[in-house]
Amino acid sequence: MTAPTLATRFTELVGVRYPIVQTGMGWVSGPSLTAATANAGGLGILASATMTYDELEFAIKKTKSLTDQPFGVNLRADATDADERVDLMIREGVKVASFALAPKQELIAKLKDNGLVVVPSIGAAKHAVKVASWGADAVIVQGGEGGGHTGPVATTLLLPSVVDALGGQDGPTSIPVIAAGGFFDGRGLVAALAYGADGIAMGTRFLLTSDSAVPDSVKQEYLKRSLNDTVVSTKVDGMPHRVLRTELVQALESGSRVKALVAAARNANEFKQMTGMRWTAMLRDGKAMKKSGERTWQQIIMAGNTPMLLKAGLVDGNTDAGVLASGQVVGLIDDLPSCDELIQSVMTQAHARLAALPR
Ligand SMILES: Cc1cc2nc3c(=O)[nH]c(=O)nc-3n(C[C@H](O)[C@H](O)[C@H](O)COP(=O)(O)O)c2cc1C
């Protein structure tokens, strides 16, 4: 018997059974994980920031062959081929678009005009208000304990600040809010709903399922970690990035800038060859980044470096040489359920907790 749902505006909006999202994680959220989540009644999101255009096309088609349920694609608005990727998603009938880092207003408009549901991830209340004014259909709010690129404010404070900013203090928010960062069970889902959210999104918890394609040796490395074993480093690509505390990360943290820069340039070159991206395109992306933010050239080269470091760990299983993005929640996870078992246990526990609340 399957667990009953807790229907929210988000489940209605996207057409999924449960208010649970598996987020787009570079090198991790491929067709098998995304389709397994979709078939289990959650919203699975393919990560495309680490895929070439052709790989993304293949991954979308593959996911469609594995599930007839809705799923999403996570993309970078600053990619030089972001427009073509959006066209591809429209053509292939992808249901949901999510954004890694800042979205762009014109891409949101195009996606929406073509019937996609747009759900950017944000890390501050003012960004939630901004993307809502641009027409976003919902937001994923990621608190500081979350894995990957992350902010300084914990979910317990960021979430209510976003709910309030979207007018949800005494009623529904103007657009549905999905809470992310530190979630792994049914208690978290009930807490998020109590804060005024319409669902939860989980990254690290879905990475640690039997359906994720991360090598088993790497999963075992994650399972060994405690609540204190992640660190937020800006040394990987210049932006705060929550990763497992490994020897490489310690070396990056303590190493000289010159050494880090040389290693970064080497990895950026490898990424360029692997993705077929031309240096001119990388420089154009770099210039755009420099214009839009306050990033130094060192950080821009490091940005090209990040995908290679993550790939070394998450795909090649080289836990010493790679960087392993992870939320703090890794310290509370000690099993590798299937996506279906995970979602069922979250929903079953959520119902039990709701029934046990004092009235
Ligand atoms: C291995 C890994 C890779 C990630 N890659 C991406 C990415 O490519 N795009 C993105 O928007 N977020 C990425 N994230 C962040 C997740 O989408 C999500 O917001 C975060 O994991 C939520 O926190 P949690 O890990 O505590 O569940 C990544 C997270 C992890 C753990």
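The basis for the numbers below is simple: all heavy atoms, side chains too, and nothing from hydrogens, waters or symmetry mates. These numbers were taken from a predicted model, which means no experiment stands behind them. Numbering starts at 1 and runs along the sequence shown. When a ligand or atom number is given, it counts from 1 through the structure's own listing order.
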J.: How many angstroms lie between OG1 in Thr230 and CZ in Arg242, if you round to the nearest 0.5 Å?
T.: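 Separation between the atoms: 4.0 Å.
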J.: So which heavy atom on Ala125 is nearest to which on Ala165, and how close?
T.: CB-CB, 3.8 Å
J.: What residue and atom, counting heavy atoms only, is the protein's closest point to atom 15 (C) of ligand 1, and at what distance?
T.: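 Ranked first by proximity to atom 15 (C) of ligand 1 is Gly147 O, 3.3 Å.
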J.: Thr204 to ligand 1: N or O pair under 3.5 Å?
T.: yes
J.: With a heavy-atom distance limit of 4.0 Å, tell me whether Leu207 approaches ligand 1 through its side chain, its backbone, both, or neither.
T.: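 The answer is the side chain of Leu207.
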J.: In terms of atom number and element, which parts of ligand 1 are under 4.0 angstrom from non-hydrogen atoms of Thr23?
T.: 16 (C), 17 (O), 18 (C)
J.: Could you identify the single nearest non-hydrogen protein atom to atom 8 (O) of ligand 1 and state the distance to 0.1 Å?
T.: Gly26 N, 3.1 Å
J.: Please determine if Asp185 and Arg205 form a salt bridge, counting it only when a charged side-chain N lies under 4.0 Å from a carboxylate O.
T.: no
J.: Would you say ligand 1 has an N or O under 3.5 Å from any N or O of Ala49?
T.: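 N/O-N/O distance below 3.5 Å does not exist for this pair.
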J.: Against heavy atoms of Val329, which atoms of ligand 1 measure under 4.0 Å?
T.: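 Selected atoms, number and element: 26 (O).
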J.: So for ligand 1, is Gly203 a polar contact partner (N or O within less than 3.5 Å, distance only)?
T.: yes
J.: Which atoms of ligand 1 sit under 4.0 Å from any heavy atom of Gly181?
T.: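 Counting from 1, the qualifying ligand atoms are 22 (C), 23 (O), 26 (O).
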J.: Within a distance under 4.0 Å of any heavy atom of Ala325, pick out the atoms of ligand 1 and give their elements.
T.: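 Contacts of ligand 1 toward Ala325, numbered from 1: 1 (C), 2 (C), 30 (C), 31 (C).
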J.: Is there a donor-acceptor pair closer than 3.5 Å between any side-chain N or O of Thr67 and the backbone N or O of Lys64?
T.: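 Checking the backbone N and O of Lys64 against the side chain of Thr67, no donor-acceptor pair under 3.5 Å is found.
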J.: List every atom of ligand 1 that sits less than 4.0 Å from any heavy atom of Gly24, numbering the atoms from 1 in the order shown and giving each element.
T.: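 Listed by number with element: 5 (N), 6 (C), 7 (C), 8 (O), 9 (N), 10 (C), 12 (N), 13 (C), 14 (N), 17 (O).
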J.: Got an N/O contact under 3.5 Å between Leu101 and ligand 1?
T.: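 The answer is no, given that Leu101 and ligand 1 share no N or O pair closer than 3.5 Å.
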J.: Given side chain to side chain donor-acceptor pair (under 3.5 Å), test Ser233 with Glu253 step by step and report yes or no.
T.: CA-CA 7 Å; Ser233 175; Glu253 284 289 301; 2.5 Å; yes
J.: At under 4.0 Å between heavy atoms, which part of Asn74 makes contact with ligand 1: side chain, backbone, both or neither?
T.: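 Only the side chain of Asn74 comes within reach of ligand 1.
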J.: Are Ser121 and ligand 1 in contact, using a heavy-atom cut-off of under 4.0 Å?
T.: no
J.: Just verifying a value: how many Å separate Lys110 NZ and Asp83 CG, rounded to the nearest 0.5 Å?
T.: 4.0 Å
J.: Flag Ala180 as yes when one of its N or O atoms lies below 3.5 Å from any N or O atom of ligand 1, and as no otherwise.
T.: no
J.: If we only consider heavy atoms of Gln142, is any one of them less than 4.0 Å away from an atom in ligand 1?
T.: yes
J.: So with a 6.0 Å cut-off around NZ of Lys62, is the heavy-atom count from everything else above 12?
T.: no
J.: Give, for atom OG of Ser212 and atom CG of Leu336, the distance between the pair rounded to the nearest 0.5 Å.
T.: 8.0 Å
J.: Report, in ascending order of atom number, the atoms of ligand 1 lying under 4.0 Å from any heavy atom of Gly182.
T.: 24 (P), 26 (O)
J.: Considering the heavy atoms of Met202, write down every atom of ligand 1 situated less than 4.0 Å from one of them.
T.: 27 (O)
J.: Could you tell me, atom by atom, which parts of ligand 1 come under 4.0 Å of a heavy atom of Gly146?
T.: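 Per the distance check, 23 (O), 24 (P), 26 (O).
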J.: Enter the distance from Leu189:CG to His351:NE2 here, rounded to the nearest 0.5 Å.
T.: 8.5 Å
J.: To the nearest 0.1 Å, how far is atom 3 (C) of ligand 1 from its closest protein heavy atom, and which atom is that?
T.: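 The answer is Met25 CB, 3.5 Å.
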